[in-house]
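Remember, it's a predicted structure, so these values are computed and weren't measured experimentally. Throughout, protein chains are lettered first and strands after them, A, B, ... in sequence-line order, and every chain is numbered starting at 1.
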2 protein chains.
Amino acid sequence: MIVDILRNLYYRPMQPIAEIANALSRSIPSVTKQLNGLLMKDIIVEKGYAASTGGRKAIQYMLNEDLNHIVLSLSIDQFYTSIASSNLRTEVLHSENNIPIDLKGPEASAIIMDSLEDFLSKHQIRKHLVIGIGISMPGFVNSETGLNESYSEDSSLYNIREQIENRFEIPAVIDNDSRCVAWAEKKFGEAQDSSHSLVINLNWGVGLGILINDDIFKGTSGFAGEFSHIPLSDTLTLCSCGKRGCLEVEASISAAIRNIQKDIKKGAYSIYEKLELEHNNKVEALIKSVQIGDQVAINNIGKIGYLLGKGISTLIHILNPHRIIISGRGAEIGQILAPHIQVAVNEYSIPKIAKKTTLSISTLHRSAQQLGTTALVIEKFIARIIN
Amino acid sequence: MIVDILRNLYYRPMQPIAEIANALSRSIPSVTKQLNGLLMKDIIVEKGYAASTGGRKAIQYMLNEDLNHIVLSLSIDQFYTSIASSNLRTEVLHSENNIPIDLKGPEASAIIMDSLEDFLSKHQIRKHLVIGIGISMPGFVNSETGLNESYSEDSSLYNIREQIENRFEIPAVIDNDSRCVAWAEKKFGEAQDSSHSLVINLNWGVGLGILINDDIFKGTSGFAGEFSHIPLSDTLTLCSCGKRGCLEVEASISAAIRNIQKDIKKGAYSIYEKLELEHNNKVEALIKSVQIGDQVAINNIGKIGYLLGKGISTLIHILNPHRIIISGRGAEIGQILAPHIQVAVNEYSIPKIAKKTTLSISTLHRSAQQLGTTALVIEKFIARIIN
DNA sequence: CATTTCTTTTTAAAAAATTTAAAAAGAAAT
DNA sequence: ATTTCTTTTTAAATTTTTTAAAAAGAAATG
């Protein structure tokens, strides 16, 4: 139970005993006892009183701010990797964002590890203070075995977790990127107040994290949430997975970019073209274009929004969620996307079912994946802060 | 906890203490204590020894066979209603099957209640022995409120549970038909050994019961599993729900029947025509036709099987279940359907995800809904057998 | 075939957790 | 300033679980 208390105080500092007891479904005397033990060891401290609700004020507890443990996170996507170190207050100490690493490249795993090595020496991070390394990446990641089954057994990305753990001699944990984003929304974002939400991780592809009973739902082999390859329409566009009409082909940011480029070829003017050259990152360029107000970009975002909404209506029918949260990098243009998604949801779903489902846009911005990846380490290795 | 023990012994008689303790996640001494209390009251009895696994034989417990409590079940579908009474050994004592009651008719609820009244007097059922009445019917049934929200508030079917409870002065409970079928599969059928399965209730429409963590998943407003209205294809056929391309329109038994009738009109010969007149029940006629080997019927079943498989592949992608179980009345032609479903699943889903999902056909036959509906009463009212 | 060894169930004692009740600490009202 | 009302915290009583010991069989050994 001590570990549960620590995890709880990580996510939500400054809690009275009653609140912790309630969150862990344990009695106040039991929690009090454990809390006293942690106080003795200086792992937690008393910190002020909770606002009175009419009676005696409750003492609040939090993790000792003197604890200088560090959590490392590797947020990997198809083309870019971000590294961050953070403390036990979820504050980022150092970060290196958008290091261009193409996962399809032959030495992806070596480059990732070298980047981490550079990061550690550049910021003089002392290994013995690091609780663990969290890794999030796209693909069929089985968090139990630590393997990314999207890659063949001879690929160096197949068992990247193990490689990192061995090379740096620090415990490492890995999970799918969308599940990390979903967990971040559950603990810090829009899914906090809901026990049953769906988090759409909009990036190059379209990921889905399913939250059921306040927990990530993984399915029987750990691959639940493969939203991006459900058949969406009868078009003939071929998907990378080999099937036709997959949602990803038509309703992802990649699809929008493809369509914008088509429009430009046809003669339309769009600032996207220029921004792509400047940023050297297509997603960033698209987001900027939309924010500037580029009509071609906005139109195409509207189109994928509508198709995404069609896919989402399937999710609503099957899972009847409390919330649908648009998160991941794409959340930055969520305000533009949302109305189109909503239109399609209204069109394709039965009102009675969709009535209690609200669509919201993440406010965690680009930090969602990092927060979730860091939390992965807390979930698994927080016990390491006890002596 | 006593209630949990009773429920457990209902579903699975002849269990040793250790097995009960394990199933309820409680300690052996606690279970032993409660069991002794129940023995004293003659609610349960010791019954022989379990087969030895090497050491001391364990005493088995079961509900006292002298208990003469009765459970009533009303299994309602769009056109027919079945009534059954059963004892605490899941044995059906009396039943009245397929009473033709059209739910769209103006006095459906009155006819249902009169039928139940007749049933009670015909079989001389003493009310004070009845633990409760279970009701299962299609539609947006909110089991918490006991209301069927598919009907408007002024419809007599909207609050049929309450009406029955008041008229017969027996506690009543209601849930959606597909969820009852799923629960029956979980407790008595193909889903017993799996904690995460999907049960397809194939009848006039296509229902879905979702089993997650050994429990029925209901969603945020109790309407999860509306599988039948997900967009399946871009055809223009209009669904009763007002949308186009719904799965139900193309992949239900009703669809198969429609297609057979079309074929017959075009001049094809099918025994279905004759059987429909004989049985005066289209589903029964279709099932018979297939069993006899009628080619037109078999071809059309193949077609809906394939489309159903396409829909199922969406479920597999999103929920990555351990088992997909074809149940409900349609399970009787499951052997014919299964290969077509499998073909479509192979075609439309990513092998990596679908690999661990097995497709199975229910062996509960037509009793699935009755078993689940009866279990509804056990779940809610079993405590009534104490004193 | 009796005795020993190994397993597993059941009972008993010890430890831990929860539930209930009482005491302490504030806030609001008289 | 005192009383009343709330809520937190501590304490005592139950309940439950964990651990250990005893009982009952099955299988193996000589």
task: Determine whether B:F381 and B:V173 make a side-chain contact, defined as any pair of heavy atoms from C-beta on separated by less than 4.5 Å.
output: yes
query: Which one of B:T374, B:D175, B:T373 satisfies the side-chain hydrogen bond (donor to acceptor under 3.5 Å, both in side chains) criterion with B:S136?
result: B:T373
query: Please give, in whole Å, the distance from C:dT10 C1' to B:L35 CG?
result: 12 Å
field: Close side-chain approach of A:E19 to A:N22, heavy-atom, < 4.5 Å
entry: no
Would you mind writing out the side-chain donor-acceptor pairs for residues 36-43 of chain A within the sub-3.5 Å range, not counting sequence neighbours?
residue, atom, partner, partner atom, Å
A:N36, ND2, A:T32, O, 3.3

message: If we check side chain to side chain contact (heavy atoms under 4.5 Å, CB included) with B:E190, which of these qualifies: B:S360, B:S197, B:S327?
response: B:S360
message: In whole Å, I'd like the distance from the CG atom of B:N36 to the C1' atom of C:dT9.
response: 14 Å
field: Between C:dT9 (C1') and B:Q60 (CD): distance, integer Å
entry: 13 Å
message: My understanding is that a pair needs two contacts under 3.5 Å, Watson-Crick or G-U wobble. By that rule, which nucleotide pairs with C:dT3?
response: D:dA28
query: Over how many whole Å does the gap from B:I20 atom CD1 to C:dT9 atom C1' extend?
result: 14 Å
- request: Just say parallel, tilted or perpendicular for the rings of A:F223 and A:F140, cut-offs at 30° and 60°.
  value: tilted
Counter-base of C:dT10, judged by Watson-Crick or G-U geometry with both distances under 3.5 Å: D:dA21
query: How long is the line joining CD of A:E19 and C1' of D:dT7, in whole Å?
result: 14 Å
query: Going 5' to 3' along nucleotides 16-30 of chain C, which nucleotides have protein heavy atoms under 4.0 Å from the base (write B), which only from the sugar-phosphate (write S), and which from neither (write -)?
result: -SBB----BBBS---
